[in-house]
Structures are given as C-alpha cells and as structure tokens.
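Values below: every heavy atom of this structure, side chains too, minus hydrogens, waters and symmetry copies. A quick note: this is a predicted structure, and the numbers were derived from the prediction, not measured. The first residue in the sequence is number 1, and the count goes up from there.
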Amino acid sequence: MARTATIKRETSESCIELSLNLDGTGKTNIDTSVPFYNHMMTALGKHSLIDLDIKAHGDTDIDVHHTVEDTAIVFGEALKQALGDKRGIRRFADATVPLDEALAKAVIDISGRPYAVCTGEPEGFQYAMIGGHFTGSMVRHVMESIALHAGLCLHLQLIAGRDPHHIAEAEFKAVARALRFAVEPDPRIQGLIPSTKGSL
C-alpha cells in the first residue's frame with residue numbers, strides 16, 4: 001500500500017498544496033515563496049528520503065509567518081495521513097548532524113502524542129534574520145507545528161552553533177535524518193503496530 005498523501009489547505013492568509021511519498025528517494029519540488037524556507041524544506045525532503053512537492057503562497061507582503069506556519073501544518077497533516085495506522089514502522093529514531101560549527105540532535109517518537117521540546121539555541125538566535133525574510137524563531141515554530149499535526153514526540157537539541165544559517169540548517173537536517181529512520185518499515189516486526197497498547 002502506497003504511503004503517500006496530498007493535501008490542499010486554503011485560508012485568507014495562505015494557500016498550500018503539498019504532496020509527499022514516505023517511500024521516495026528525496027526528490028523535491030519546493031516553492032513556498034520564502035527562499036530560505038525553500039532551502040530548509042528541500043533539505044528536509046532530501047535527507048529524509050521523503051519525496052516532497054510543495055506550492056505555497058500567502059500574505060508574505062505582511063510577514064512570512066503565516067505561509068511558513070501553514071506549510072508546516074500541512075506537512076504534519078500529510079505525514080500523519082501517509083503513515084496510516086503506523087503498522088510496521090520503526091517508530092523511534094534519532095540523528096545527530098553537524099554543519100561546520102553547528103551540531104544538532106533530533107529524537108523522534110511517532111507516538112500519536114504530540115510534544116515538542118527545542119533547546120540549546122543561543123540567546124538572540126530567535127531574532128536573527130536569515131536570508132532576508134526568515135527569523136530564527138520560525139525554526140522552533142515549524143518544528144512545533146509539524147510535531148503537533150503529525151502526532152510526533154520531537155526533542156530537538158542544538159549542541160553547538162554560532163552562525164544562524166548553520167544552526168537552522170543543522171536542525172532541519174537532524175530532524176530529516178531522524179524522520180527517515182522513524183518512518184522506515186522494520187522487517188523484524190512484519191506489519192505489527194510497534195506499541196504494547198496495540199495502537200499509535
């Protein structure tokens with residue numbers, strides 16, 4: 001059964017069209033109208049091996065916040081939809097990813113119980129303007145939105161980092177690598193649901 005999803009979400013603030021394939025090769029076609037976010041979502045698809053197609057636009061003349069957040073919401077919803085009953089997945093995964101001086105660790109549990117903990121970012125990172133439009137605070141907001149709407153427990157820790165671009169990119173790549181292994185089918189459990197409760 002194909003683990004894919006296609007969702008369109010339209011509000012007065014944004015229009016998001018997103019398709020993904022969990023069993024892809026990391027092919028991406030990303031246009032969020034926010035250049036740095038394009039870069040981050042491209043990295044997310046590439047390093048998770050999730051094929052990802054996103055077309056998004058919104059009231060970026062006011063701020064990129066709505067378009068960035070709504071794209072993350074739809075990505076989370078699509079991830080949840082594509083996972084179905086989560087039968088046969090590895091469920092738990094972690095990844096530690098460097099980018100020059102930055103080092104980020106992500107730990108994921110596809111538990112169905114949304115929770116996000118983001119720690120370690122240096123004071124002032126939240127105000128940094130990356131790529132002219134994207135503030136550092138949006139990284140945490142994106143991760144929280146994905147976790148909430150996909151039903152993930154996500155712990156994201158920045159271990160080291162100075163440059164805002166490197167920090168954000170290391171964090172996105174760490175989440176991508178952890179997602180890659182968490183959604184992957186585990187041949188040892190042969191289609192069973194990885195929970196003592198029998199459901200996730």
Side-chain angles (χ1 to χ4, degrees), residues 18-32 34-54 56 64 67-69 71-76 78-79 82-83 89-110 114-122 125-126 128-150 152-184:
L18 185 148
S19 297
L20 60 75
N21 177 4
L22 297 183
D23 300 307
T25 58
K27 292 189 301 183
T28 60
N29 181 23
I30 312 293
D31 181 7
T32 67
V34 182
F36 185 74
Y37 196 36
N38 291 347
H39 181 38
M40 293 299 96
M41 294 305 289
T42 297
L44 184 62
K46 178 71 173 179
H47 295 289
S48 65
L49 296 184
I50 295 173
D51 291 347
L52 189 56
D53 193 296
I54 302 174
V64 304
T67 302
V68 169
E69 177 184 25
T71 299
I73 288 170
V74 174
F75 177 77
L79 189 59
L83 282 164
I89 63 168
R90 294 191 186 279
R91 177 180 168 178
F92 301 99
D94 65 274
T96 305
V97 172
L99 179 57
D100 295 348
E101 88 297 343
L103 182 65
K105 180 176 183 177
V107 184
I108 287 176
D109 175 13
I110 304 177
Y115 208 94
V117 178
C118 302
T119 60
E121 292 170 349
F125 173 74
Q126 67 269 37
M129 188 66 72
I130 312 169
H133 302 89
F134 191 97
T135 56
S137 63
M138 291 307 300
V139 176
R140 177 176 299 194
H141 198 44
V142 166
M143 299 308 172
E144 289 172 341
S145 296
I146 292 171
L148 176 63
H149 291 274
L152 308 178
C153 176
L154 167 64
H155 284 251
L156 179 59
Q157 179 186 12
L158 183 73
I159 299 168
R162 181 189 66 255
D163 181 271
H165 184 141
H166 293 171
I167 289 170
E169 190 165 345
E171 290 177 320
F172 269 86
K173 286 178 176 177
V175 170
R177 290 290 291 184
L179 260 182
R180 172 184 173 176
F181 296 113
V183 305
E184 191 172 61

Peer 1: On a heavy-atom basis, which atom in Ala178 and which in Ile108 lie closest, and how many Å separate them?
Peer 2: CB-CD1, 3.8 Å
Peer 1: With respect to Lys173, which candidate in His47, Lys46, Met40 satisfies the side chain to side chain contact (heavy atoms under 4.5 Å, CB included) definition?
Peer 2: His47
Peer 1: For the OG1 atom of Thr32 and the CE atom of Met41, what is their distance to the nearest 0.5 Å?
Peer 2: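 Taking OG1 in Thr32 and CE in Met41, the distance rounds to 8.5 Å.
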Peer 1: Would you give the length of the straight line joining atom OG1 of Thr71 to atom CD1 of Ile30, rounded to the nearest 0.5 angstrom?
Peer 2: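 Output value for this atom pair is 9.5 Å.
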Peer 1: For Ala147 versus Leu154, what's the shortest heavy-atom pair and its separation?
Peer 2: CB-CB, 4.3 Å
Peer 1: Can you measure from CG (Leu156) to CD (Glu121) and round to the nearest 0.5 angstrom?
Peer 2: 7.0 Å
Peer 1: When you compare the side chain of Leu79 with that of Leu22, does any pair of heavy atoms fall below 4.5 Å?
Peer 2: yes
Peer 1: Are Arg140 and Glu144 packed together at the side-chain level, in the sense that at least one heavy-atom pair is separated by less than 4.5 angstrom?
Peer 2: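 Result yes, sub-4.5 Å side-chain heavy-atom pair found.
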Peer 1: Between the side chain of Asp94 and the main-chain N/O of Ala106, is any donor-acceptor distance below 3.5 Å?
Peer 2: no
Peer 1: If we only count heavy atoms from C-beta on, is the Val139 to Ile167 side-chain gap below 4.5 Å?
Peer 2: no
Peer 1: Hey, would you say the His133 and Tyr37 ring centroids sit under 6.0 Å apart?
Peer 2: no
Peer 1: Side chain to side chain contact (heavy atoms under 4.5 Å, CB included) between Leu52 and Leu18: does it pass, once the steps are laid out?
Peer 2: CA-CA 7 Å; Leu52 189 56; Leu18 185 148; 4.1 Å; yes
Peer 1: Any chance you could measure Asp53, atom CG, to Lys27, atom NZ, to the nearest 0.5 Å?
Peer 2: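 Rounded to the nearest 0.5 Å, the CG-NZ separation comes out at 10.0 Å.
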Peer 1: Could you pull out all residues at least two apart from His149 that satisfy side-chain contact (heavy atoms from CB on, under 4.5 Å)?
Peer 2: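 If we apply the side-chain contact (heavy atoms from CB on, under 4.5 Å) test to His149, skipping adjacent residues, the hits are Ile73, Glu77.
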Peer 1: Side-chain contact test, heavy atoms from C-beta onward, threshold under 4.5 Å: evaluate it for Phe125 versus Leu158 and give yes or no.
Peer 2: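 A side-chain contact under 4.5 Å is absent here.
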Peer 1: About how many Å separate CZ of Arg177 and CG of Leu49, when rounded to the nearest 0.5 Å?
Peer 2: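 Separation between the atoms: 7.5 Å.
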Peer 1: Would you check if Asp23 and Val183 make a side-chain contact, meaning some heavy-atom pair closer than 4.5 Å?
Peer 2: no
Peer 1: Within the structure provided, determine whether Gln126 and Thr135 are in side-chain contact (heavy-atom separation under 4.5 Å).
Peer 2: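 Counting from C-beta outward, Gln126 and Thr135 never come under 4.5 Å.
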Peer 1: Angle between ring planes, Tyr115 versus His155, binned at 30° and 60°: parallel, tilted or perpendicular?
Peer 2: parallel
Peer 1: Please tell me if the side chains of Asp163 and Asp100 come closer than 4.5 Å, counting only heavy atoms from C-beta onward.
Peer 2: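 The answer is no, as the side chains (C-beta and beyond) never meet within the 4.5 Å cut-off.
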Peer 1: Working note: Phe172 + His39, criterion ring-ring contact (aromatic ring centres under 6.0 Å, His included); need CA distance, chi angles, decisive distance, verdict.
Peer 2: CA-CA 10 Å; Phe172 269 86; His39 181 38; 9.4 Å; no
Peer 1: Can you find a pair of side-chain heavy atoms, one from Thr96 and one from Ile159, that are under 4.5 Å apart?
Peer 2: yes
Peer 1: With rounding to the nearest 0.5 angstrom, report the CD1 to CG distance, Ile50 to Leu179.
Peer 2: 5.0 Å
Peer 1: Which heavy atom in Ala72 sits nearest to a heavy atom in Val142, and how many Å separate them?
Peer 2: CB-O, 3.8 Å
Peer 1: Side chain of Asp31, backbone of Asn38: donor and acceptor closer than 3.5 Å?
Peer 2: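 No.
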Peer 1: Restricting to ring-ring contact (aromatic ring centres under 6.0 Å, His included), what partner residues turn up for His141, sequence neighbours left out?
Peer 2: His65
Peer 1: Taking all non-hydrogen atoms of both residues into account, name the closest pair between Ala170 and Ala102 and its distance.
Peer 2: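 Here Ala170 and Ala102 meet closest at CB-CB, 4.2 Å.
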